[in-house]
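Notes follow the structure.
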Amino acid sequence: PETPQQQLPVAGRCTPPHRRRTVANILRELVEKQQLSEETLSLLQAQFSDLPCELHSWRQMAEYSPEMRQFACILHLYHTKAYDYLRKIFPLPHPYSLTKQVFFHSFIHSFIIWLSNNEAAAGFSSNIFLRLQEKVERGEQAYLYCALMVQDMSLQKQQEWDPETQRLTGFVDLGAGVLDADEAPLASEVIILMAVGISSPWTAPLGYFFVNSTTGHLLAQLLRQTINKLNNIGITVLAVTSGATARSAETARALGIRIDPERIQCTFQHPPGSAHSIVYFFDICHALQLIRNALQCFQKIEWLSDTMQWQHVVELAALQEQRVLEPCSPKSGRSGSEENYYLKVNLATLLFSEAVADALEHLQKLGLVSFQNCSCTVKFVRLMSRLCDVFHGRAPYRRKLLAGNYTKISHVFNEAKSCFVTLTDSMGRHIIKSKRKLGFMSFLVNAESLKWLYTNYVCPEGSPSHLLTYAFSLDPLEMFLRALQQACGSSGSPTCTVFQAAYHKLLASCSLAPGSPHSGGSDNTSSLDISLSGRRDLTLGSVRAQYNPAHQRTLATKHPCCAGLLLHGSALSNALTDLSLHARSVTCTAGFVAEQLASTLQCEACLASLFESDESRLRCGSVLYIKKLGGVSLPSASVYHITNISEQVLNRYGKVGDGNKNTKVWHLSLEQKVFQELLGESPLFPTLTNHLFDGELCVNNHYTILVKQITRNYLNIR
């Protein structure tokens with residue numbers, strides 16, 4: 001990739017007198033001066049060996065040939081300065097002044113037109129842009145502003161023959177045509193671009209590009225071309241979001257972003273030199289993973305004469321179930337006596353959350369040796385939790401950036417900056433200047449970007465009255481990629497042909513209406529689940545698995561039917577007093593089901609709802625207080641109720657021949673009858689009432705998923 005320091009030769013000078021002024025010779029000069037990569041030259045020479053070489057061949061032409069158009073697009077995207085230099089000698093179009101979606105005489109054609117395709121071929125999706133333009137022309141205000149996001153996906157290198165087009169596929173394709181020469185490289189990645197509404201939750205997949213090796217410069221050029229195309233149809237881009245990777249940092253710098261704690265520049269101008277500024281965001285989930293890596297590598301980090309320790313988090317994640325005696329609550333009517341509880345860690349809890357901070361404080365108060373002196377760790381985790389709440393739009397900051405909540409947000413940003421710039425390792429070196437700085441810098445750049453948007457687009461009249469903070473994460477694009485992966489039909493990397501077919505399938509059913517999901521997936525996964533899946537490496541469970549990979553949760557292999565009566569002092573216990581042996585067996589099996597689901601659930605709230613809890617107890621973050629029955633955790637009243645109904649259904653409808661009991665239809669019919677029995681009953685999982693609104697408002701939310709999983713697991717056991 002080019003760098004600002006590289007200076008191209010002045011056209012017409014520094015050329016050996018014996019060398020003719022052909023395209024190939026000029027490009028070779030640039031390679032010799034290390035101003036164009038050998039790889040790019042080889043690609044161009046292999047693909048465009050039949051291109052007119054002499055200057056006179058390019059003059060007085062009615063229009064460009066397909067090869068000329070392809071050559072111009074490729075060179076401009078791969079190396080802007082080399083293209084600008086060549087324009088001074090050969091009559092190539094201007095990359096910025098000639099981006100209108102109309103055709104002019106002679107050479108004045110738009111790069112954007114050349115990079116656009118119908119159907120679902122590589123390049124910009126013309127149909128999507130046309131539909132967006134129609135919405136703008138109809139005066140739909142929600143489509144006047146958007147955020148732009150970019151993500152890459154790995155491909156399986158494979159050359160294939162397409163019988164429809166009668167051409168080879170699997171090569172690099174940037175929308176101007178496949179680079180299918182014998183010496184051309186096969187595509188190894190696909191770059192996907194998406195526009196997202198910033199005041200209304202609409203999403204639009206804009207196109208994709210097959211590449212062999214992605215550079216920050218290439219991504220920056222594709223982003224600028226996308227912004228041009230959106231501007232041409234009346235949509236203003238306010239923000240760009242990418243992952244928090246080395247390539248993304250290179251892209252940001254190529255656009256003009258400065259990632260320096262002392263001189264942060266969060267905006268870039270487009271077109272360059274114009275008055276319009278666009279902010280840059282790094283995906284929060286990726287940034288959190290980098291901060292986790294930093295804490296893990298440094299182990300101990302100094303902050304204002306105190307020390308945060310990664311070991312505190314490791315000890316919390318590795319905490320085994322511990323028996324504790326607690327005084328009975330006044331509601332139980334047995335004050336003065338004690339009850340047995342077991343401490344259990346909620347492994348679905350996110351590392352940087354209020355729940356982890358509360359748990360560390362609670363364990364410190366209990367006097368556990370491993371958690372003494374953890375106050376600094378608690379303080380840092382709590383700060384990171386508040387930062388995440390801002391960017392994920394959780395209370396008290398809400399999903400929208402409004403004038404009313406900006407003061408709170410600004411205070412959190414100031415506190416975070418004061419923290420990050422003072423963090424040092426054990427040798428006194430600042431973390432923000434170390435090789436582990438990108439995660440911290442990503443948050444600082446994002447904070448400046450959000451403040452800039454508030455100042456320039458929330459406060460002024462005539463601008464969007466609010467901004468949806470989710471539009472500045474990669475979650476909407478990750479959801480689309482999840483649907484793409486399912487449409488591809490395999491868990492591995494797809495080939496170009498398979499990807500193209502999957503993209504065509506999704507594009508055909510794509511709706512630009514606000515809040516509409518991307519169809520094409522098989523399980524209608526919600527954005528909440530996509531978000532949770534992306535944060536799987538940021539949970540206490542991931543820490544436990546990393547430090548103790550051989551550890552497996554011990555589950556009872558037999559149902560403990562001969563256990564004693566349940567403990568008193570809770571609604572569930574009172575309801576099940578004087579149980580028969582059969583009822584105790586159902587209860588223990590329900591606890592067994594709860595343990596099974598707890599080992600796989602990724603949602604902290606859903607996991608906590610599986611076990612009985614004493615309402616009089618204060619919430620202790622990611623530490624659960626549970627009771628045991630015969631060595632199995634006591635289930636919540638809702639889990640018990642579902643399993644009890646399942647048992648009744650099984651007894652009533654299970655009298656069929658053994659040959660039919662293993663059929664899928666029979667299992668599904670039992671599940672259906674359980675759901676019919678549950679309809680009209682009192683609400684289940686009272687602690688999840690608010691949680692149901694965290695994702696899309698659809699039938700297949702966490703509430704219904706829990707009911708189905710509990711029923712299915714219980715029937716499988718029986």
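Positions are given from 1 along the sequence. From a predicted model like this one, the values you see are computed outputs, not experimental measurements.
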> Please walk me through it: do L295 and F352 pass side-chain contact (heavy atoms from CB on, under 4.5 Å)?
Replying inline: CA-CA 12 Å; L295 296 178; F352 301 109; 3.9 Å; yes

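- For the residue pair Q265 and T267, a side-chain donor N or O sits within less than 3.5 Å of a side-chain acceptor on the partner.
- Proximity of E448 to V445: side-chain heavy atoms (C-beta onward) are nowhere separated by under 4.5 Å.
- Just one residue in the list I191, L193, L218, I278 forms a side chain to side chain contact (heavy atoms under 4.5 Å, CB included) with L223, and that residue is L193.
- At a cut-off of 3.5 Å, with distance as the only test, no side-chain donor of S154 or E189 sits close to an acceptor on the other residue.
- Under a 3.5 Å cut-off, the side chain of S449 and the backbone N or O of Y280 do form a donor-acceptor pair.
- Using a 4.5 Å heavy-atom cutoff, the side chains of N231 and H270 are in contact.
- A parallel orientation is assigned to the rings of F472 and F281, their planes being inclined by less than 30° (bins at 30° and 60°).
- Without hydrogens or angle criteria, H276 side chain to V237 main chain gives a donor-acceptor distance under 3.5 Å.
- Within the structure, no pair that satisfies the salt bridge (Lys or Arg N to Asp or Glu O under 4.0 Å) test touches residues 204-221, not counting sequence neighbours.
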> So V543 and Q296, side-chain contact (heavy atoms from CB on, under 4.5 Å) or not? Walk me through it.
Replying inline: CA-CA 10 Å; V543 177; Q296 199 168 14; over 6 Å; no

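- Applying the side chain to side chain contact (heavy atoms under 4.5 Å, CB included) rule to L290 yields the partners A244, N293, L438; only residues at least two apart in sequence or on another chain are considered.
- Proximity of a side-chain donor or acceptor of R224 to a complementary backbone N or O of L255 within less than 3.5 Å is detected.
- Among residues at least two apart or in separate chains, salt bridge (Lys or Arg N to Asp or Glu O under 4.0 Å) pairs with a member in residues 431-444 are E262-K433.
- T245 has its side chain out of reach of F282: every pair of non-hydrogen atoms, C-beta onward, lies at least 4.5 Å apart.
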